[in-house]
Amino acid sequence: MAVIRDVMPAFDLLQPDSAAEAQTLLEQHGADAWVMAGGLDSFDWLKDRIKKPKVLVDLSGVEELKGIRATSDGVEIGAMTTLTEIANHPEIQKDYGVLAEAVSLVASPQIRNQGTLGGNVSQDVRCWYYRGGWPCYRAGGNICYADTPVGRNREHAIFGANRCVAVHPSDSVPALIVLDAKFVVQTAKGEQVVDAEDYFVGPEDDITRINMLRPGDLLTAIRIPGTWAGAKFYFEKVRDRNVWDFPLMNVASAKRLNGSTISDIRIAVNAVSPRPMRLKAVEEAVRGRPADADTGEMAGKLAIEGAVPLQFNGYKIPLMRNLVKRAIAGVAQPPMNGATAANPTAEEAICRS
Ligand SMILES: Cc1cc2nc3c(=O)[nH]c(=O)nc-3n(C[C@H](O)[C@H](O)[C@H](O)COP(=O)(O)OP(=O)(O)OC[C@H]3O[C@@H](n4cnc5c(N)ncnc54)[C@H](O)[C@@H]3O)c2cc1C
Ligand code: SF4
């Protein structure tokens with residue numbers, strides 16, 4: 001399908017300077033409005049003329065949505081805080097290092113300077129067909145172009161397929177899930193605070209949405225409680241190139257150890273399913289066991305139970321097994337080929353023990 005990229009469709013640009021005003025505008029315009037944060041995902045859709053909102057509500061002038069604040073129990077990060085600010089923030093680095101690491105591996109410095117946490121967690125799937133304007137299930141049609149014997153599905157899902165096999169692409173989300181973060185959403189009915197993993201919507205619930213937001217809703221902040229502050233963290237992202245690329249897969253874990261025994265743990269992966277996955281069965285299975293290679297091996301095998309590969313993404317199964325293993329036991333050997341421990345190539349991530 002031809003995509004014309006010359007001129008963006010016309011829209012009214014509304015620039016509120018408070019969250020309350022932003023929300024009033026969003027409620028007034030309902031499904032005709034589009035929330036714009038850093039614009040990195042938004043402008044793709046507009047310039048490709050795939051999404052054509054009548055009204056753009058630009059949050060860049062809403063100062064109260066920006067910044068990182070200490071709370072009585074942890075920190076609150078405004079939805080408009082940039083990924084760079086989070087990566088460089090001393091408290092985040094000290095107590096919630098898994099988040100600092102995850103956001104520092106997003107895309108490129110320029111994108112992290114402009115991209116916001118609210119936009120990163122709310123961004124849409126990257127499936128070629130959908131983003132190219134093909135009328136697939138997610139776009140309201142009745143076919144999936146990726147899930148066919150010849151479809152381009154190397155980056156797609158091995159879990160949770162339900163007509164749509166696109167994956168959630170965010171690097172920050174698994175880190176937020178293991179930190180037990182809460183997402184604060186303003187709706188017409190008032191404020192809703194949900195667990196990180198409950199913010200996301202799978203195709204089995206609504207194939208045209210990726211998160212709980214409905215027209216009129218605004219994500220204002222993400223709160224991280226102190227529960228996991230200073231825990232033993234692990235984050236690993238695998239991508240085709242070591243810069244400016246979405247994850248083929250990522251994994252995050254937060255562990256509390258008693259000696260070498262895992263007393264408590266949270267573990268999450270992304271880019272394997274239409275919505276980010278917290279691995280509760282793995283968490284339960286490894287509690288009370290040593291954080292070593294045998295436990296990691298067992299956890300990796302458990303994590304991939306039920307995985308169903310598509311035509312071209314079978315490599316994701318051994319990749320996920322190894323990432324989960326390392327998220328439990330740590331990295332057993334130094335990285336090769338110039339890759340860093342948190343950011344190996346796909347081939348190296350599968351081979352590394
Ligand atoms: C070339 C490229 C490479 C990238 N690589 C990676 C990567 O490796 N890893 C990764 O995680 N991400 C990656 N991204 C995504 C990037 O990190 C951006 O953060 C993300 O696209 C959106 O952030 P943004 O602030 O620009 O939001 P926008 O593009 O403005 O918004 C994104 C979506 O979220 C909605 N939204 C934003 N803020 C709110 C809010 N407060 N309330 C309600 N809805 C909201 C918008 O309506 C829109 O639908 C990449 C992007 C590009 C263009
Ligand atoms: S994977 Fe989802 S987004 Fe991609 S073509 Fe299929 S239905 Fe559309």
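In listed order, ligands and their atoms are each counted from 1. Positions are given from 1, in the same order as the sequence printed here.
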Problem set entry | Candidate pair L99 and I77, rule side-chain contact (heavy atoms from CB on, under 4.5 Å), full reasoning | CA-CA 12 Å; L99 179 61; I77 305 176; 3.8 Å; yes

Exercise. Do any of the N/O/S atoms of C136, backbone or side chain, fall under 2.8 Å from atom 8 (Fe) of ligand 2?
Worked result: yes

Exercise. Does a side chain donor of either D206 or T208 reach within less than 3.5 Å of an acceptor in the other side chain?
Worked result: yes

Problem set entry | Atoms in ligand 2 with a heavy atom of C127 nearer than 4.0 Å | 1 (S), 3 (S), 4 (Fe), 5 (S)

Exercise. In terms of hydrophobic clustering (I, L, V, M, F, W, Y; side-chain heavy atoms under 4.5 Å; direct or indirect links), are M36 and W45 co-clustered?
Worked result: yes

Problem set entry | Close side-chain approach of R223 to T71, heavy-atom, < 4.5 Å | no

Exercise. So, S170 and S172: side-chain donor and acceptor under 3.5 Å apart, yes or no?
Worked result: yes

Problem set entry | Nearest option to atom 16 (C) of ligand 1, as decided by whichever heavy atom of T82, V103, I111, L56 sits closest | I111

Seminar exercise, completed: Among non-hydrogen protein atoms, atom 8 (O) of ligand 1 lies closest to D245 O, 2.7 Å

Seminar exercise, completed: Heavy-atom nearest pair, D180 first then P225, reads O-CD, 3.3 Å

Exercise. Looking at ligand 1, does any of its N/O atoms fall within less than 3.5 Å of an N/O of M36?
Worked result: no

Exercise. Which protein heavy atom lies closest to atom 3 (S) of ligand 2, and at what distance to 0.1 Å?
Worked result: Y130 CB, 3.4 Å

Exercise. Which residue holds the protein heavy atom closest to atom 5 (N) of ligand 1, what is that atom called, and what is the gap in Å?
Worked result: A107 CB, 3.2 Å

Exercise. What atoms of ligand 2 come within less than 4.0 Å of a heavy atom belonging to C144?
Worked result: 1 (S), 5 (S), 6 (Fe), 7 (S)

Problem set entry | Closest approach of any protein heavy atom to atom 31 (O) of ligand 1, naming residue and atom | S42 OG, 3.5 Å

Exercise. For atom 23 (O) of ligand 1, which candidate among G119, A22, G39 provides the closest heavy atom?
Worked result: G119

Problem set entry | Nearest protein heavy atom with distance in Å, relative to atom 13 (C) of ligand 1 | F246 CE2, 3.2 Å

Exercise. Of all heavy-atom pairs between V165 and C144, which one has the smallest distance, and what is that distance?
Worked result: CG2-SG, 4.1 Å

Exercise. With E197, which of R266, R275, K182 fulfils salt bridge (Lys or Arg N to Asp or Glu O under 4.0 Å)?
Worked result: R266

For this session: Report yes or no: does V165 have a heavy atom closer than 4.0 Å to ligand 2?
Result: yes

Exercise. Does R126, backbone or side chain, put an N or O under 3.5 Å from an N or O of ligand 1?
Worked result: no

Seminar exercise, completed: heavy-atom search around atom 47 (O) of ligand 1 in the protein gives V35 O, 2.6 Å

Problem set entry | D41, any N or O under 3.5 Å of ligand 1 N or O | yes

For this session: May I ask you to list the atoms of ligand 2 that are less than 4.0 angstrom from any heavy atom of C164?
Result: 1 (S), 2 (Fe), 3 (S), 7 (S)

For this session: May I ask whether L59 places a heavy atom under 4.0 Å from ligand 1?
Result: yes

Problem set entry | Shortest reach to atom 30 (O) of ligand 1 by a heavy atom, considering only A271, G78, A79, A37 | A37

Exercise. Is a salt bridge present between E63 and K66, judged by a nitrogen-to-oxygen distance below 4.0 Å?
Worked result: yes

Exercise. In terms of side-chain geometry, is the basic nitrogen of D245 or K237 positioned less than 4.0 Å from the acidic oxygen of its partner?
Worked result: no

Exercise. For ligand 1, is there an N or O atom under 3.5 Å from any N or O atom of Q123?
Worked result: yes

Exercise. Nearest to atom 17 (O) of ligand 1, what protein heavy atom do you find, and at what distance?
Worked result: N120 ND2, 3.1 Å

Problem set entry | Joint hydrophobic cluster, V184 plus Y96, side-chain heavy atoms closer than 4.5 Å | no

Seminar exercise, completed: Closest heavy-atom approach to atom 9 (N) of ligand 1 among L219, L213, D171 is made by D171

Exercise. Which of parallel (below 30°), tilted (30 to 60°) and perpendicular (above 60°) describes Y199 and F183?
Worked result: tilted

Seminar exercise, completed: ligand 1 atoms nearer than 4.0 angstrom to some heavy atom of P169 are 10 (C), 11 (O)

Problem set entry | Closest approach of any protein heavy atom to atom 49 (O) of ligand 1, naming residue and atom | W34 CZ2, 3.6 Å

Seminar exercise, completed: side chain to side chain contact (heavy atoms under 4.5 Å, CB included) with T187: of Q192, E27, R214, only one passes, and it is Q192

Exercise. Do D198 and R278 sit within salt-bridge range, that is, some charged N less than 4.0 Å from a carboxylate O?
Worked result: no

For this session: State the atoms of ligand 2, each with its element, that fall below the 4.0 Å cut-off from a heavy-atom position in Y129.
Result: 5 (S)

Exercise. Just by distance, with hydrogens left out, do Q110 and Q114 show a side-chain donor and acceptor under 3.5 Å apart?
Worked result: no

For this session: List every atom of ligand 1 that sits less than 4.0 Å from any heavy atom of S170, numbering the atoms from 1 in the order shown and giving each element.
Result: 11 (O)

Exercise. Are R287 and D264 close enough, and set up right, to give a side-chain contact (heavy atoms from CB on, under 4.5 Å), and what steps lead you there?
Worked result: CA-CA 6 Å; R287 272 190 206 108; D264 203 1; 2.8 Å; yes

Exercise. Hey, does K237 sit under 4.0 Å from ligand 1 if you only count heavy atoms?
Worked result: yes

Exercise. Which of the atoms in ligand 1, numbered in the order shown and given with their element, are less than 4.0 Å from a heavy-atom of L218?
Worked result: 42 (N)

Problem set entry | Residue, atom name and distance, where the atom is the protein heavy atom closest to atom 33 (C) of ligand 1 | S122 O, 3.8 Å

